[in-house]
Amino acid sequence: MGAVSTAPTSPAARVPFLKGHGTENDFVIVPDPDHRIELSASAVARLCDRRAGIGGDGLLHVVRSAAHPEARAMAAEAEWFMDYRNADGSIAEMCGNGVRVFARYLQRAGHVEAGDLAVATRGGVKKVHIAKGADGPVTSATARQDGDITVSMGRAALPRETVTVTVGGRSWPTLNVNMGNPHAVAFVDDLDHAGNLFAEPPYTPSAVYPDGVNVEFVVDRGERHVAMRVHERGSGETRSCGTGACAVAVAAARRDGVDPLVTGVPVTYTVDLPGGRLMITERPDGEIEMAGPAVIVAEGHIAPDLLVPSETAAI
């Protein structure tokens, strides 16, 4: 049975939400285990609005895989499906920081414990490990946030087609890295050269990414240590991007001649983002692991008007 359109009109019908972030890549979390809420693109955009809504770089719709038509085929592997939306309401394949926050929510809600679990996404099933906190696992009573969360992000694909990115009269070649979503990685001398990143940086040829692309600008900080800024497709510049950090580590390994698929030796890069630090490891079999924090910061109920589709909302 599909989801039903839900636009609560009374306090009893209010929909709960939580707010969380992973290295300051922040998300509105909407728990909906039985997939009873149909979130329109306009409703998601209003919820993610930082002035008129709750505010976030994206939205994590928490649904049991068996209850969602896009995830039923993955239900045997993963009980929970991360129905991820960009801040503009568009649907995205994956979000690395989002998976960590998604897992932290499941832990906080008592659906899972510290240890291993699987999360279904449009980019496939992701294996997740929740580390125990210093004083034990997270509980709903203590709401502890200790312990990094590690996500197996799968393998990167490196399509041959590439683009040149241009900002403020400067141009850079990029490496095309696909982490379940597309990334164009440019190595630059100064992160300020990326400009404001509110809008997608121009690139040519545009046909390489007909649905848009996440663009990363990267500088070196030391051996196996880089810093980056990112324009996320559908969200603008964000404080962090998990799949982007993975793409950057993959690109850096190729540039530095330490491709694990060639050397047979795993390589780890420290990736600094405006919102914090992620550790990215690529293994000789191509599997990429991302480790970093995830924090739940608030919870409450959504004002009913925010969930009304825009075409029926009062003006």
Side-chain angles (χ1 to χ4, degrees), residues 23 25 92-97 123 151 153-168 170-197 199-262 267-282 286-290 292:
T23 50
N25 194 187
E93 303 91 338
M94 240 296 284
C95 175
N97 287 318
V151 180
M153 300 290 288
R155 295 169 173 79
L158 286 84
R160 291 185 178 182
E161 299 85 356
T162 62
V163 300
T164 297
V165 175
T166 301
V167 179
R170 296 184 178 90
S171 296
W172 303 271
T174 66
L175 185 66
N176 186 344
V177 182
N178 194 294
M179 289 297 308
N181 55 359
H183 297 267
V185 181
F187 291 93
V188 301
D189 295 326
D190 190 323
L191 290 179
D192 287 341
H193 292 168
N196 60 43
L197 291 183
E200 182 179 72
Y203 56 86
T204 56
S206 60
V208 173
Y209 301 111
D211 298 319
V213 64
N214 305 287
V215 184
E216 288 80 23
F217 295 86
V218 189
V219 297
D220 290 302
R221 291 285 187 247
E223 185 176 4
R224 310 288 185 268
H225 185 184
V226 297
M228 62 175 278
R229 290 176 60 199
V230 58
H231 170 89
E232 282 200 66
R233 180 181 56 170
S235 296
E237 181 170 18
T238 59
R239 300 283 293 171
S240 181
C241 176
T243 55
C246 292
V248 164
V250 168
R254 275 59 181 173
R255 181 201 61 173
D256 296 341
V258 291
D259 179 353
L261 279 69
V262 175
V267 62
T268 297
Y269 277 83
T270 300
V271 181
D272 290 338
L273 306 107
R277 174 170 289 180
L278 295 171
M279 304 300 294
I280 311 297
T281 299
E282 186 178 8
E287 189 68 28
I288 299 169
E289 294 181 345
M290 173 188 64

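Just so you know, residue 1 is the first one in the sequence shown, and it goes up from there. What you see below is based on every heavy atom in this structure, not just the backbone, and it leaves out hydrogens, waters and symmetry mates. Because the structure is predicted, anything quoted here is derived from the model rather than measured.
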- Note on the structure: Tightest non-hydrogen contact, residues Val271 and Leu273, listed as O-CD1, 3.6 Å

- Can you name the nearest heavy-atom pair linking Leu278 to Ala245, along with the distance? CD1-CB, 3.8 Å

- Task: Search all heavy atoms of Ala157 against all heavy atoms of Pro159 and return the closest pair with its distance.
- Result: O-CD, 3.3 Å

- Item | Pairs meeting criterion salt bridge (Lys or Arg N to Asp or Glu O under 4.0 Å) with involvement of residues 227-249, two or more places apart | Glu24-Arg239, Glu93-Arg233, Arg229-Glu237

- Item | Qualifying residues under side chain to side chain donor-acceptor pair (under 3.5 Å), relative to Ser171, sequence neighbours excluded | Thr166

- Note on the structure: side chain to side chain donor-acceptor pair (under 3.5 Å) filter on Asn181, not counting sequence neighbours, yields His183, Thr243

- Message: Going by the rule side chain to side chain contact (heavy atoms under 4.5 Å, CB included), which residues pair with Asn196 if we only count those two or more places apart in sequence or in a different chain?
- Response: Phe198

- Query: Rounded to the nearest 0.5 Å, what separation is found between the OG atom of Ser240 and the CE atom of Met228?
  - Reply: 7.0 Å

- Task: Applying ring-ring contact (aromatic ring centres under 6.0 Å, His included), name anything that partners Phe187, two or more places apart in sequence or on another chain.
- Result: none

- Query: Roughly how far apart are Glu282 CD and Thr268 OG1, rounded to 0.5 Å?
  - Reply: 10.0 Å

- Message: Taking side chain to side chain donor-acceptor pair (under 3.5 Å) as the definition, give me every residue that meets it alongside Glu289, ordered by chain and number, with sequence neighbours left out.
- Response: Arg283

- Can you name the side chain to side chain contact (heavy atoms under 4.5 Å, CB included) partners of Ala156, sequence neighbours left out? Leu158, Val177, Met179, Val250, Ile288

- Could you walk me through whether Val213 and Glu200 pass side chain to side chain contact (heavy atoms under 4.5 Å, CB included), step by step? CA-CA 8 Å; Val213 64; Glu200 182 179 72; 4.0 Å; yes

- Task: Would you list the pairs meeting ring-ring contact (aromatic ring centres under 6.0 Å, His included) in which at least one residue belongs to residues 212-258, sequence neighbours left out?
- Result: Trp172-Phe217

- Close side-chain approach of Val230 to Leu197, heavy-atom, < 4.5 Å: no

- Which pair of non-hydrogen atoms, one from Arg254 and one from Pro260, has the smallest distance, and what is that distance? NH1-CD, 4.1 Å

- What heavy-atom pair brings Val165 and Pro201 nearest, and what distance separates the two atoms? CG1-CB, 3.8 Å

- Message: Can a donor-acceptor pair be found, under 3.5 Å and without considering hydrogens, that links the side chain of Asp190 to the backbone of Asp192?
- Response: yes

- Item | Pairwise side chain to side chain donor-acceptor pair (under 3.5 Å) hits with a residue in residues 202-211, at least two apart | Asn176-Tyr209

- Note on the structure: Applied to residues 214-228, the salt bridge (Lys or Arg N to Asp or Glu O under 4.0 Å) test, sequence neighbours excluded, yields Asp220-Arg255

- Message: For residues 171-188, which residue pairs pass the salt bridge (Lys or Arg N to Asp or Glu O under 4.0 Å) check, not counting sequence neighbours?
- Response: none

- Shortest non-hydrogen contact from Ala249 to Ile280? CB-CG2, 3.6 Å

- Message: My understanding is that only residues two or more places apart in sequence, or in another chain, count here; which of them pass side chain to side chain donor-acceptor pair (under 3.5 Å) with Arg277?
- Response: Asp272

